[in-house]
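Only this structure's heavy atoms are used, side chains among them; waters, hydrogens and symmetry mates stay out.
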Amino acid sequence: MFDVFLRAIKDQLFAPVARAVGHRIHPNMITLAAWLVGVMAAVAVARGDFTTALLLWIANRALDGCDGTLARVTGMQTDFGGYLDIVLDLSVYASVLLALILESHTWETAVAGAVLIGTFYVNGASWMYLAAILERRQQGATATGEQTTITMPAGFVAGAETFVFYVLFLLFPERLPLLFSLMSVGVVATIIQRIVWARRRLISG
């Protein structure tokens with residue numbers, strides 16, 4: 001919901017670092033480093049080390065924010081880089097979530113986690129296919145002035161909200177069933193929001 005606003009702030013924060021790094025490091029290398037740190041966060045969760053997992057999760061998100069800024073500042077932004085970033089981001093979201101479910105050893109958490117994973121699955125379709133249609137209609141990132149590779153249709157739960165929820169997951173693992181359920185409700189609301197928006201925009205367009 002706040003991604004467009006926060007993305008501009010993020011670019012301002014990371015731009016000086018990106019200019020200092022220049023072409024010495026390719027953005028895709030930072031994307032891969034972010035993925036590795038994210039996987040390490042999942043491993044820490046599986047071991048029950050939530051403090052380390054939280055620090056690694058924050059580091060993962062910081063690196064993920066830096067790769068796109070570096071790509072834009074140095075003129076190395078590519079379609080493949082954007083594609084790789086999304087695929088690896090989603091794999092980190094899934095691995096940390098699965099680690100939380102497995103580490104909990106409770107049926108209640110497993111059910112709530114399975115529901116959340118299901119909403120993630122549908123949510124992915126709700127924005128990825130919509131983004132593809134908008135790009136085909138030339139109403140995507142270039143037309144709207146977005147700085148992402150493809151357009152990112154807004155929703156109640158997006159990157160910023162996901163970051164906050166995962167921080168809460170790691171801070172309060174004893175509350176996972178409740179937190180998973182709250183995020184599931186937010187994701188479902190996002191899916192409905194996009195469907196309503198798409199119906200109005202795509203039929204009238």
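There is no path of hydrophobic side-chain contacts, each under 4.5 Å, that joins V115 to L102. A chain of hydrophobic side-chain contacts below 4.5 Å, direct or via other Ile, Leu, Val, Met, Phe, Trp or Tyr residues, connects V164 to L54. Criterion: ILVMFWY side-chain heavy atoms under 4.5 Å apart, direct or through other members. Under it, L168 and F50 are part of a common hydrophobic cluster. Grouping the Ile, Leu, Val, Met, Phe, Trp and Tyr side chains by contacts below 4.5 angstrom, directly or via other members, places I195 with V122. A single hydrophobic cluster is seen to contain both L90 and V45, as judged by linkage of ILVMFWY side chains at heavy-atom distances under 4.5 Å, directly or through other members.
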*Could you walk me through whether Q193 and F156 pass side-chain contact (heavy atoms from CB on, under 4.5 Å), step by step?*
CA-CA 8 Å; Q193 176 191 13; F156 293 121; 3.4 Å; yes

*Before giving the answer on side-chain contact (heavy atoms from CB on, under 4.5 Å), spell out for D67 and M29 the whole-Å C-alpha distance, their side-chain angles and the decisive distance to 0.1 Å.*
CA-CA 8 Å; D67 59 0; M29 297 304 297; over 6 Å; no

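Here the CG atom belonging to D64 is positioned 4.0 Å from the CG atom belonging to D89, to the nearest 0.5 angstrom. A distance of 15.5 Å separates CG of L116 from OH of Y121, quoted to the nearest 0.5 Å. From N28, atom CG reaches atom CG of D85 across 9.0 Å, with rounding to the nearest 0.5 Å.
Partner of T109 under the side chain to side chain contact (heavy atoms under 4.5 Å, CB included) criterion, chosen from L179, L100, L176: L176. Of the residues listed (L178, V157, V188), the one engaging M183 in a side chain to side chain contact (heavy atoms under 4.5 Å, CB included) is V157, and it is the only one.
The minimum heavy-atom distance between P173 and L170, with the atom names listed, is CD-O, 3.7 Å. The minimum heavy-atom distance linking V37 with A59 is given by the pair CG1-CB, 3.9 Å. The two residues M128 and I86 make their nearest non-hydrogen contact at CE-CG2, 4.1 Å. Nearest heavy atom pair, residue A99 against residue A42, reads CB-O, 3.3 Å. Considering all non-hydrogen atoms of both residues, A53 and A41 come closest at CB-O, 3.6 Å. I117 approaches I101 most closely through the heavy-atom pair CD1-CD1, 4.0 Å.
The main-chain N or O of Y93 is found under 3.5 Å from a side-chain atom of Y166 such that the two form a donor-acceptor pair. With N60 contributing its side chain and A34 its backbone, the two residues share a donor-acceptor pair below 3.5 Å. Side-chain atoms of E108 do not come within 3.5 Å of backbone N or O of P177 as any donor-acceptor pair. Checked by atom type and distance alone, the side chain of R47 never pairs as donor or acceptor with a backbone atom of E103 at under 3.5 Å. The backbone N or O of D49 sits nowhere less than 3.5 Å from a side-chain atom of T52 that would complete a donor-acceptor pair. Not one N or O on the side chain of S126 forms a donor-acceptor pair closer than 3.5 Å with the backbone of I191.
The shortest distance between side-chain heavy atoms of T31 and L63 does not fall below 4.5 Å. Contact annotation: the side chain of N123 approaches that of R194 to within less than 4.5 Å [non-hydrogen atoms, C-beta and beyond]. Between T78 and Y83 the shortest side-chain heavy-atom distance does not fall below 4.5 Å.
Both tests pass for R61 against the ring of W57: distance under 6.0 Å to the centre and angle within 45° of the axis.
In this structure, F169 has its ring center closer than 6.0 angstrom to the ring center of F180.
Taking W35 as the reference, S91 meet the side-chain hydrogen bond (donor to acceptor under 3.5 Å, both in side chains) condition, with sequence neighbours excluded.
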